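Order of the sequence lines sets the chain letters (A, B, ...), proteins ahead of strands, with each chain counted from 1. Just so we're clear, the structure is a prediction, and the values are computed from it rather than from any experiment.
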Amino acid sequence: MINPVENVKKTIQEALEKALVILREEGKISFNTIPSYVVEVPREKVHGDFATNLAMVMAREARMAPRQIASLVQGIIVEKNLLALPCEKIEVAGPGFINFYLKPQWLYDVLVTVLEEEENYGRSNLGQGQKVQVEFVSANPTGLLHMGNARGAALGDTLASILEWTGHEVTREFYINDAGSQIENFGLSLEARYLQALGHDVPFPEEGYHGQDIIDTVHRLIQEVGDSYLQLSPAKRREKLVEYALKEKLQAIRDSLSRFGVEYDVWFSERTLHETGKVAEVVKLLGEKGYTYEKDGAVWFRATAFGDEKDEVLVRANGIPTYFAADIAYHKNKFDRGFERVINIWGADHHGHVRRMKGAMAALGYNPEALDIIIMQLVRLFQGGEILRMSKRTGQYVTLDELMDEVGRDAARYFFIMRSADSHLDFDLDLAKKQSNENPVYYIQYAHARICSIFRQLAERGGKQEVLKGEALRNLLAEGVLQEEAELDLLRHLAFFPEELVLAARELAPHRIARYTLELAGLFHSFYNAHRVIGVEEKLQAVRLALVRGVQVVLQNALAVMGISAPERM
RNA sequence: GCGCCCGUAGCUCAGUGGAUAGAGCACAGGACUCCGGAUCCUGGUGCGCAGGUUCGAUUCCUGCCGGGCGCACCA
């Protein structure tokens, strides 16, 4: 649970603030409060290991030129030795930055930490055990999973992992839309296919589900029950057909997601909310709080009271509650189960739903801030330069399984994780198939395989295979054996892993980890091409083996977060 | 018309209130008799346009232009 970067930043902050207090006591500077400032790693290495904008943001408060403040602070830190870190030099630069050039000591400590914590390196307690639910995919169980669902699955699962790594108690949940009008429609489609399969010339509903998959489902059912459903009333017949098909579809969805590396803790049925009266209950509750009214025979929710453009129907004139009503009941249930934070991943086509959902939570007395809805932009599928429309109705879509058949699970996951949820994703099928070997995930995995290969080589040559750790490693590093730029760059990147997870958790941004891992792999490949590990001088080989082992550990951890395998050979 | 997202290199995309804006692909050239060449190294007139806030804006705000998606008693 060590975050090296955070520790250094804190140490620098302490020095800065002590310096300011001393300067004020000496009457050299005046201020009431220290404005918020940052200690960060500069983009350019020539600007030091860490830098702060403190002097610039203090300028107004202290009524003094930024560079002058910076000089005073820098001077007093050096003079009184306020910084509790081995430091090369502290400089004032540019418009008033204070740049800290640290001795590589802190980077050496990082390596000791990584090898100490191993598969736990990166974990933190940011969340302090907060109970978080991540609900994602929640595809209609009337068809197979398409590319949009796949993106949601990769993002949701990775986000859940990131939250786990940062000290949250996470539940992954899938909401099964097994009620409502699309189920009615599903039943009508199944019925038509059933009758057609038995030789009846009946029309197929225009708005029905045209996919081949439900024809197959019906044929399997007929193997079991034959034409016995012809005797049933249409309503009963549809109910039986839906029951059978839903079970089958749901199993297929579970299997696909499982194959994609996604395992849910909870599968939550919408139908149960209706059957247990929870939907009616929540409508009543909203009424009691004064947020509903009747118009044209329907019950409406006052979404406009929460900034929405218009109100929304909860119960139709025919007495059947809407999807929205059920979803409110579902979200109430989430909070009632004790989740302190609820995160949903929705497709961009549902973004209009966000404000009223939050409004409904506020109306029920829950904190709408505890509900985070990540809007994921849609996936546009191209083939041969043309857009393929994805639609369950027409049955024309590429499924998650087909995608995995084409490019494999690792590449598919990485492809979705590497882009921010905000970006519109154009997926060129031809390109994805053709370039599957050019997917960056292989670049990362290759770095890992190469490291494994180093250890294999070492074994074959009969060399010492155990990697130095703890004090022995610390002592050897203290001799300054690791000096190369490429080595220090790698250590610096390893240092950032815990911080990167914290940022990804705060920003709910899984793509940060994809990027981080790619950069780490790149730094390793550069190092590998420039320097040898095996066959160099004994001490150097020992510390380089430790370094390479450290990289391996972090690659494994990062890949684990993303649900991607770390192959030993490729 | 209203709302949300996006507009960064030829293409696909990262990125940040700061000091010289990055990566992959594509293109051109080059690399160890040695740990895996699925690698590395070298090569770049780019933040849609116009205002505003700020010591400082590609980043924040407003308007405009362009693209995607919503705006059902569907989900």
Side-chain angles (χ1 to χ4, degrees), chain A residues 38 40 42-44 46-47 51 53 56-57 59-60 65-67 93-97 99 138-140 142 177 179-185 207 270 295-300 307-310 312-324 326-327 347-355 375-378 380 418-428 431 435 437-447 449-458 460-461 463 486 511-512 514-515 518-519 521-522 524-536 541 544-545 548 569-570:
Chain A
V38 293
E40 59 186 356
R43 199 161 40 212
E44 303 292 328
V46 294
H47 295 133
N53 63 350
M56 277 121 77
V57 299
R60 186 188 295 253
R67 281 194 68 104
F97 290 102
N99 296 338
S138 299
N140 281 337
T142 51
N177 300 132
S181 58
Q182 89 279 6
I183 291 295
E184 295 289 314
N185 188 15
E207 293 295 306
E270 176 185 353
K295 193 181 87 180
D296 304 331
V299 180
W300 295 70
D308 212 338
E309 294 162 39
K310 48 188 193 168
E312 190 70 15
V313 171
L314 291 170
V315 184
R316 287 178 270 245
N318 63 11
I320 298 173
T322 59
Y323 170 83
F324 179 49
D327 215 15
D349 52 341
H350 289 68
H351 74 256
H353 196 55
V354 173
R355 197 166 294 178
I375 294 300
M376 176 184 73
Q377 297 304 311
L378 300 177
R380 270 196 315 176
M418 70 190 286
R419 286 160 161 86
S420 102
D422 277 340
S423 79
H424 301 263
L425 202 155
D426 287 343
F427 197 112
D428 188 322
L431 211 65
Q435 296 195 337
N437 265 6
E438 290 164 19
N439 190 304
V441 75
Y442 296 105
Y443 182 81
I444 296 168
Q445 291 180 322
Y446 183 49
R450 264 182 153 174
I451 294 171
C452 294
S453 176
I454 290 172
F455 287 105
R456 275 197 302 271
Q457 281 288 324
L458 195 66
E460 282 170 24
R461 297 180 188 192
H511 72 277
R512 292 196 72 116
R515 191 136 205 105
L518 189 67
E519 284 164 359
F524 171 75
H525 286 307
S526 291
F527 161 80
Y528 183 89
N529 271 275
H531 307 288
R532 293 191 57 78
V533 177
I534 299 174
V536 294
Q541 173 170 319
R544 281 196 178 154
L545 276 175
V548 156
R569 297 171 200 270
M570 294 177 69

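Heavy-atom nearest nucleotides on RNA chain B were determined for A:V315 and for A:P42, and the one closer to the 5' end corresponds to A:P42.
Taking A:H47 as the reference, nothing meets the ring-ring contact (aromatic ring centres under 6.0 Å, His included) condition, with sequence neighbours excluded. Evaluation of the side-chain hydrogen bond (donor to acceptor under 3.5 Å, both in side chains) rule for A:S420 yields no partner, not counting sequence neighbours. In terms of the salt bridge (charged side-chain N to carboxylate O under 4.0 Å, His left out) criterion, residue partners of A:R544 (sequence neighbours excluded) are, by chain and number, A:E487. Shown here are the ring-ring contact (aromatic ring centres under 6.0 Å, His included) partners of A:H424, two or more places apart in sequence or in another chain: there are none. Taking A:E270 as the reference, nothing meets the salt bridge (charged side-chain N to carboxylate O under 4.0 Å, His left out) condition, with sequence neighbours excluded. The salt bridge (charged side-chain N to carboxylate O under 4.0 Å, His left out) search around A:D327 returns none, not counting sequence neighbours. Scanning for ring-ring contact (aromatic ring centres under 6.0 Å, His included) contacts around A:Y443 gives A:H525, with sequence neighbours left out. Residues forming a ring-ring contact (aromatic ring centres under 6.0 Å, His included) with A:F524 (at least two apart in sequence, or on another chain): A:Y528.
Under 3.5 Å, the side chain of A:N99 and the base of B:A19 form at least one donor-acceptor pair of N or O atoms. Under 3.5 Å, the side chain of A:H511 and the base of B:A14 form no donor-acceptor pair of N or O atoms.
For the pair A:E184 CD and B:A75 P, the interatomic distance rounds to 10 Å; values are reported in whole Å. A:Y442 places its OH atom 15 Å from the P atom of B:C25, with the value rounded to the nearest Å. The nearest whole Å value for the distance from the NZ atom in A:K310 to the P atom in B:G70 is 14 Å. Protein atom CG of A:N318 is 12 Å distant from nucleotide atom P of B:C73, rounded to whole Å. Note: CD1 (A:I454) to C1' (B:C35) measures 5 Å, nearest angstrom.
For B:A75, the OP1/OP2 oxygens have a side-chain nitrogen or oxygen of A:S181 closer than 4.0 Å. Taking only side-chain nitrogens and oxygens, A:Q457 comes nearer than 4.0 Å to OP1 or OP2 of B:G36. For the OP1/OP2 pair of B:A75 and a distance below 4.0 Å, the side-chain nitrogens and oxygens of A:T322 include no atom meeting the criterion.
Between A:E207 atom CD and A:S181 atom OG the span is 11.5 Å, to the nearest 0.5 Å.
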Between the protein and nucleotides 54-64 of chain B, list every N/O to N/O distance that falls short of 3.5 Å.
| residue | atom | partner | partner atom | Å |
| --- | --- | --- | --- | --- |
| B:C55 | OP1 | A:R60 | NH2 | 3.1 |

Worksheet, complete the sentence: Per-nucleotide protein contact along nucleotides 39-44 of chain B, 5' to 3', at a 4.0 Å heavy-atom cut-off (B base, S sugar-phosphate only, - neither), is BSS---
Practice prompt. Summarise how protein sits on nucleotides 2-12 of chain B as a single string, 5' to 3': B when a protein heavy atom is under 4.0 Å from the base, S for sugar-phosphate-only contact, - for no contact.
Written response: BBBBS-----S
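Between B:U59 and B:A21, the distance separating the two C1' atoms is 11 Å to the nearest Å.
Pairing analysis of RNA chain B (Watson-Crick: purine N1 to pyrimidine N3 plus N6-O4 or O6-N4; G-U wobble: N1-O2 and O6-N3; both under 3.5 Å) yields stems of 3 or more pairs at B:1-7 with B:65-71, B:10-13 with B:22-25, B:27-31 with B:39-43, B:48-52 with B:60-64.
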